[in-house]
Amino acid sequence: MSGVDDDRRVWMLNQMLRVREFEERVKRTFTEHPGVIRGHTHLADGAEASIVGSLAAIGDGDQLMATYRCHGYPIVLGTDPRLIMAEIYGRKTGLCQGYGGSMHLADPSRGFLGTSGIVAQNIPQATGVAYAAQVRGAGQVVLCFFGDGASKQGAFHESLNIASLWKLPIVYVMENNNYNVVTRSDQEDANAAAGEPLSIKATAYSMPGVTVDGGDPIAVHDTVAEAVARARGGGGPTLVESKVYRLSAHGNIIAPPGVPLHFPEHEAVVVFGAVEEYEAAKRGDPIPRFRGALVTGGVLTAAEADDLANVVRDEMAAAVEFGLESPLPEPEEALAYAEAS
């Protein structure tokens, strides 16, 4: 039986709604405000339950690092979504003053230490953060989020090996969406091809490995909370495979200025022709699924759930307006943090 009380469940639904609405606004920007977002932007729609359930399991002072699908984590941690949207729009008022963009968000004041556009780069970095936490001895735990594709990189294996050897206070959360750009996991992962859960990779490094339904925020919370407690108590790392389904394509089309940008159809449809797979994933969308569970369970009424969604829509509309109204950096500011050699 989960220890998540009703108030916390409502909070979790609200955070899931906030993350989804924020990313829907990012996606709509490409058509409603052409040219505002340049470069690559990646969405994590479908992974909201995994993000929120995981972050609900940590405490004050804990830290995390994530991948380039990073918008949701700082939102849940309490970062002002206006600052995140302004950052994605490349504005001076952005979270990183417009220098980072969509793939390089950071808010260290809230324990969100940053992200990377390089697959698996954050895994050794987060492992180093966990080593620093162990040295400080203040009981901090680190969460490291990455995709299934990153588990094929050498950095993944080296990091899990040393983390297990030194019993570092870290939880590795692999958010497995079954696609690596336009390649299915079972086309390039030996464990997936054999029909095994990817959490089995933990066996090689003598740490627990567990697979959880990433569409169920309570199941994710309980799984990650157990791993966090183990790490905090000196028991070392855990590998959690959180199985999700990304509902948008890998990322938007990138093109030179003047060429319209957009999100194409999901690769399940355009590459594999798996229309029913994709439609089934949409029917299993974790947000209406969790909303339905709370309403039928009497945790909140349908009207109260609708009110939450309305407030969230207003909040994220305001984030878009803030971003659009914010100034762009002056050209000479591009060298502000560059040192002459």
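Note that this is a predicted model, so its numbers are computed, not measured.
Using modelled atom types, no side-chain atom of Asp285 and backbone atom of Lys282 make a donor-acceptor pair closer than 3.5 Å. Panel note: side chain Gln97, backbone Gly90; no donor-acceptor pair is recorded below 3.5 Å. Side chain of Ser151 to backbone of Asp148: a donor-acceptor contact under 3.5 angstrom is found. Formation of a donor-acceptor pair under 3.5 Å by the Glu241 side chain with backbone atoms of Leu198 is found in this model. With hydrogens and angles disregarded, no donor-acceptor distance shorter than 3.5 Å links the side chain of Ser164 to the backbone of Asn161.
Here Phe156 and Tyr172 keep their ring centres 6.0 angstrom or further from each other. Remark: aromatic rings of His266 and Tyr179 are close, center separation under 6.0 Å.
For the pair Leu113 and Leu64, the minimum side-chain heavy-atom distance is 4.5 Å or more. Within the 4.5 Å cutoff, the side chain of Leu308 has heavy atoms near those of the Leu17 side chain. In this structure the side chain of Val4 reaches within 4.5 angstrom of the side chain of Asp222, judged on heavy atoms. When side chains are defined from C-beta on, Arg82 does not count as touching Met316, because their heavy atoms never get closer than 4.5 Å. For the pair Met65 and Phe145, the minimum side-chain heavy-atom distance is 4.5 Å or more. In this structure the side chain of Asp107 never reaches within 4.5 angstrom of the side chain of Leu77, judged on heavy atoms. By the 4.5 Å heavy-atom criterion applied to side chains, Asn191 and Lys201 are counted as neighbours.
The residues Arg291 and Asp306 are annotated as salt-bridged, a charged nitrogen and a carboxylate oxygen being separated by less than 4.0 angstrom. Electrostatic pairing of Arg184 and Glu277 counts as a salt bridge here, judged by a charged N lying under 4.0 Å from a carboxylate O. Look at Lys92 and Glu333 and you find a salt bridge, because one of the NZ, NE, NH1 or NH2 atoms lies within 4.0 Å of a carboxylate O, short of that distance.
Here Tyr73 contributes atom OH and Leu105 contributes atom CG; the two are 11.5 Å apart, rounded to the nearest 0.5 Å.
Side chains of Glu175 and Ser50: a donor on one and an acceptor on the other come within 3.5 Å. Side-chain contact check for Arg69 and His250: at least one donor-acceptor pair (N or O, by modelled atom type) lies under 3.5 Å. Side-chain contact annotation: Asn122 with Ser116, donor-acceptor N/O pair under 3.5 Å absent. When only modelled atom types and interatomic distance are considered, Ser102 and His40 share no side-chain donor-acceptor pair under 3.5 Å. His157 and Tyr205 share a donor-acceptor pair across their side chains, judged by distance under 3.5 Å alone. When only modelled atom types and interatomic distance are considered, Lys27 and Ser248 share a side-chain donor-acceptor pair under 3.5 Å.
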